[in-house]
Amino acid sequence: MTRTARDLLEAAVRDLAPDPGANPLVPLIARGEADRAVLAALAREQRWVIPADRRAFLHLADRSAAEPRSAAFFTALAQGEARAAEHLEPFAAACGADAARADAYDPLPGCQAYPACVAWLALNAAPADAVLAVTANFSAWGGYCATIAKALRTHYGFTDEACAFFDFFAEPAPDPDRTAEAAVRAALEAGSLDENRAHRHGRLLQSYEAMFWATLARAA
């Protein structure tokens with residue numbers, strides 16, 4: 001039986017789901033055992049990740065001129081990153097990682113490997129393959145954000161404004177979800193999707209995602 005675009009997306013999310021033990025930091029935050037200095041480092045690393053991913057998604061949108069469904073997906077992601085950047089600052093301020101000190105922070109290579117991989121995809125991956133890989137990765141990221149948002153309120157006393165960055169990614173995102181399905185469907189119809197290659201990209205993204213959290217956990 002021929003698989004649909006929805007089938008492929010669900011299979012990618014399932015097959016590329018991270019090992020439960022791959023993230024040592026989020027459980028610490030969930031229990032309120034992570035130091036606020038680690039939360040501040042998380043905010044500072046995200047100050048590097050968010051704009052880098054936004055530019056990568058814009059580049060992927062430009063490269064998708066012949067695939068308008070993929071272009072719409074990456075444009076929506078870039079717009080989301082711009083909104084996330086606005087939400088990040090209240091979280092950073094609540095952690096004591098204000099913008100005035102940002103220039104003095106040296107980002108950790110293990111954390112910045114993830115956006116470097118996204119940038120590689122922006123330059124090298126077939127757009128439809130990148131759609132599948134990125135969508136699978138976002139599923140795990142959203143779950144982490146939901147856990148962190150709850151813990152920040154429960155254990156750290158953060159306000160809704162300070163939690164908005166994580167709330168934003170934790171909430172279901174119907175527009176990117178619809179555009180992802182439309183992009184994969186169009187690629188299937190055009191024969192331009194390489195599922196094996198897309199899964200290879202997705203595995204790299206998930207590995208670098210795990211490296212991000214493990215690096216921060218070691219810093220703790």
Taking atom [atom1] of [X] as the centre, report whether more than 12 heavy atoms of other residues, nucleotides or ligands fall under 6.0 Å from it.
{"X": "Trp48", "atom1": "CH2", "result": "no"}
{"X": "Arg69", "atom1": "CZ", "result": "no"}
{"X": "Glu33", "atom1": "CD", "result": "yes"}

May I ask you to say whether Arg47 pairs ionically with Glu89, meaning some side-chain N is under 4.0 Å from a carboxylate O?
yes
Is a side-chain N or O of [X] found less than 3.5 angstrom from the main chain of [Y], in a donor-acceptor match?
{"X": "His87", "Y": "Phe166", "value": "no"}
{"X": "Thr147", "Y": "Gly143", "value": "yes"}
{"X": "Glu45", "Y": "Pro107", "value": "no"}
{"X": "Thr4", "Y": "Asp7", "value": "yes"}

Same cluster or not: Val49 versus Leu58, using hydrophobic residues (I, L, V, M, F, W, Y) connected whenever any side-chain heavy atoms lie under 4.5 Å apart?
no
For a quick test of reading the model, state the closest non-hydrogen atom pair linking [X] to [Y] and the distance between them.
{"X": "Gly80", "Y": "Phe168", "answer": "O-CE2, 3.4 Å"}
{"X": "Ala94", "Y": "Ala162", "answer": "CB-CB, 3.8 Å"}
{"X": "Phe57", "Y": "Val118", "answer": "CE2-CG1, 4.0 Å"}
{"X": "Ala71", "Y": "Ser64", "answer": "N-CB, 3.5 Å"}
{"X": "Ser70", "Y": "Pro127", "answer": "CB-CB, 4.1 Å"}

Verdict with reasoning, His59 to Phe74, per side chain to side chain contact (heavy atoms under 4.5 Å, CB included)
CA-CA 9 Å; His59 188 68; Phe74 290 118; over 6 Å; no
Would you give me the side-chain donor-acceptor pairs under 3.5 Å for residues 11-23, sequence neighbours excluded?
| residue | atom | partner | partner atom | Å |
| --- | --- | --- | --- | --- |
| Asp19 | OD1 | Gly21 | N | 2.7 |
| Asn23 | OD1 | Leu25 | N | 3.0 |
| Asn23 | OD1 | Val26 | N | 3.0 |

Please confirm whether the ring centroid of Tyr208 lies under 6.0 Å from the ring centroid of Phe212.
no
Drop me the distance from [X]'s [atom1] to [Y]'s [atom2], to the nearest 0.5 angstrom.
{"X": "Arg3", "Y": "Glu195", "atom1": "CZ", "atom2": "CD", "value": "4.0 Å"}
{"X": "Phe165", "Y": "Ile50", "atom1": "CZ", "atom2": "CD1", "value": "4.0 Å"}
{"X": "Leu193", "Y": "Leu8", "atom1": "CG", "atom2": "CG", "value": "6.5 Å"}
{"X": "Cys111", "Y": "Arg44", "atom1": "SG", "atom2": "CZ", "value": "12.5 Å"}
{"X": "Cys95", "Y": "Leu152", "atom1": "SG", "atom2": "CG", "value": "7.0 Å"}
{"X": "Arg36", "Y": "Tyr156", "atom1": "CZ", "atom2": "OH", "value": "8.0 Å"}

Of all pairs that satisfy salt bridge (Lys or Arg N to Asp or Glu O under 4.0 Å), the ones with a partner from residues 129-154, not counting sequence neighbours
Asp129-Arg197, Arg153-Asp160, Arg153-Asp167
Start with the C-alpha distance between Leu132 and His199, add both sets of side-chain angles, then the distance that settles side chain to side chain contact (heavy atoms under 4.5 Å, CB included), and finish with yes or no.
CA-CA 8 Å; Leu132 199 62; His199 276 237; 4.3 Å; yes
Would you mind reporting whether Trp120 and His201 have side-chain heavy atoms less than 4.5 Å apart?
yes
Under 3.5 Å, is there a donor on one side chain and an acceptor on the other for Asp53 and Tyr114?
no
Pair Tyr144-Glu209, side-chain donor/acceptor within less than 3.5 Å:
no
For Glu181 and Arg185, what are the C-alpha separation, side-chain angles and deciding distance, and is it a salt bridge (charged side-chain N to carboxylate O under 4.0 Å, His left out)?
CA-CA 6 Å; Glu181 186 171 354; Arg185 185 185 306 114; 3.4 Å; yes
